[in-house]
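I have placed the structure first, in the form of structure tokens, so that the comments after it can refer back to it.
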Amino acid sequence: MAAGIDTLLHWSDGPSGWRNADNFLKIAYPDAVSSVMAPNSLFGAMAVGGVGLAIRLRHHWPDILLTETHPKMLFHALRGSRYAKTDVPLAFDWFMTRTRLSAIEIRNEHELDALISAWAAREGLLNNWRDLCQPRSPDMIFPAGPVSYFWPNEETVAAGGSLGESGSG
């Protein structure tokens, strides 16, 4: 069992709270760098609420695999652009075609973000993607216990995510 949560699930006590995963995303996607913020600059819901959910999930399912996600950045990595609220139907169609997932219906950007997060968790659970929490470093803090931050490998990004259904690792 796995859950992808669109929030911070691990922290750093290094300068400004920057984490290795954040630095990777800033370097890999410089045209979307404004989407990656220092964890110490985020509001409570993002920095605390998600960890609270992760702690609750871990309490109910001790062996659950938890992964942090950034669905809008992931969509950008796969497609080369973000989507706006007005583009959700088109973004959904593109995502479903690229990932070859079974069709479902979504009504808004939050549901699309949840779908992308669930897909990221599945890809990590299947060992198709790398973990941006690896290697661990002494500055990393895991308040909800061990978590991952699954991210597609270069081949998956280059293919626009289309390798995800049958294995991209």
For Leu66 and Leu57, what are the C-alpha separation, side-chain angles and deciding distance, and is it a side-chain contact (heavy atoms from CB on, under 4.5 Å)? CA-CA 9 Å; Leu66 296 172; Leu57 291 172; 4.0 Å; yes

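- Under the side chain to side chain contact (heavy atoms under 4.5 Å, CB included) criterion, Ala118 pairs with no residue, sequence neighbours left out.
- Scored by the side-chain hydrogen bond (donor to acceptor under 3.5 Å, both in side chains) test, Ser148 finds Asp131 as partners (sequence neighbours excluded).
- Take Asp93 and apply the side chain to side chain contact (heavy atoms under 4.5 Å, CB included) test, not counting sequence neighbours, and it matches no residue.
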I'd like to know whether Lys72 forms a side-chain contact (heavy atoms from CB on, under 4.5 Å) with Glu109, so could you lay out the CA-CA distance, the side-chain angles of the two residues, the decisive distance to 0.1 Å, and finally the verdict. CA-CA 10 Å; Lys72 287 182 176 65; Glu109 71 175 310; 3.1 Å; yes

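- Nearest heavy-atom pair across Gly50 and Thr7 is CA-CG2, 3.3 Å.
- Side chains of Trp18 and Lys26 form a contact here, defined as non-hydrogen atoms less than 4.5 Å apart.
- Using a 4.5 Å heavy-atom threshold, the side chains of Met1 and Leu125 count as separate.
- Here the shortest heavy-atom pairing between Ser117 and Asp6 reads OG-CB, 4.1 Å.
- Met96 and Leu90 sit in two unconnected hydrophobic clusters of ILVMFWY residues. Membership requires side-chain heavy atoms under 4.5 Å apart, directly or through other members.
- By the ring-ring contact (aromatic ring centres under 6.0 Å, His included) test, Phe75 is found to be paired with Tyr83, Trp94, residues two or more places apart in sequence or in another chain being considered.
- Taken from CG in Leu78 to OG1 in Thr99, the straight-line distance is 9.0 Å, to the nearest 0.5 Å.
- Partners of Phe95 by ring-ring contact (aromatic ring centres under 6.0 Å, His included), not counting sequence neighbours, listed by chain and number: Trp119.
- Following chains of ILVMFWY side-chain contacts shorter than 4.5 Å, one cannot reach Val36 starting from Ile5, and the two form parts of different hydrophobic clusters.
- Sorted by first and then second residue, the pairs that involve residues 33-43 and meet side chain to side chain donor-acceptor pair (under 3.5 Å), not counting sequence neighbours, are Ser35-Arg82.
- Residue pairs meeting the side chain to side chain donor-acceptor pair (under 3.5 Å) criterion with at least one member in residues 46-59, sequence neighbours excluded, do not occur.
- Listed by chain and number, the residues in a side chain to side chain contact (heavy atoms under 4.5 Å, CB included) with Ala120 are Thr69, Leu74, Trp129 (sequence neighbours excluded).
- Of all heavy-atom pairs spanning Gly4 and Ala121, the tightest one is N-CB, 3.5 Å.
- For residues 27-46, no pair satisfies salt bridge (charged side-chain N to carboxylate O under 4.0 Å, His left out), with sequence neighbours left out.
- With a 4.5 Å cut-off on side-chain heavy atoms, Ile106 and Ile104 count as touching.
- Follow the hydrophobic side-chain contacts under 4.5 Å out from Leu65 and you reach Ile116 in the same cluster.
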Trace of the side-chain contact (heavy atoms from CB on, under 4.5 Å) decision for Arg130 with Phe150: CA-CA 6 Å; Arg130 63 185 146 180; Phe150 293 119; over 6 Å; no

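- Judged purely by atom type and a 3.5 angstrom limit, Glu68 uses its side chain to pair as donor or acceptor with the backbone of Leu9.
- Note that CG of Leu8 is 8.5 Å distant from OH of Tyr149, once rounded to the nearest 0.5 Å.
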N/O donor to acceptor pairs below 3.5 angstrom from side-chain atoms of residues 135-143, sequence neighbours left out:
residue	atom	partner	partner atom	Å
Arg136	NH1	Cys133	O	3.1
Arg136	NH2	Val147	O	3.2
Ser137	OG	Asp139	OD1	2.4
Asp139	OD2	Ser12	OG	2.5

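- With sequence neighbours excluded, the residues forming a side chain to side chain contact (heavy atoms under 4.5 Å, CB included) with Ala32 are Tyr29, Met73, His76, listed by chain and number.
- Expressed to the nearest 0.5 Å, how far CD1 of Ile55 lies from NE2 of His60 amounts to 12.5 Å.
- In this structure, Leu115 is not a member of the same hydrophobic cluster as Leu53, with clusters built from ILVMFWY side-chain heavy atoms closer than 4.5 Å.
- Here Asp22 pairs with Arg19 under the salt bridge (Lys or Arg N to Asp or Glu O under 4.0 Å) rule; sequence neighbours left out.
- Annotation: side chain of Leu112 is not in contact with side chain of Asn108 (no heavy-atom distance under 4.5 Å).
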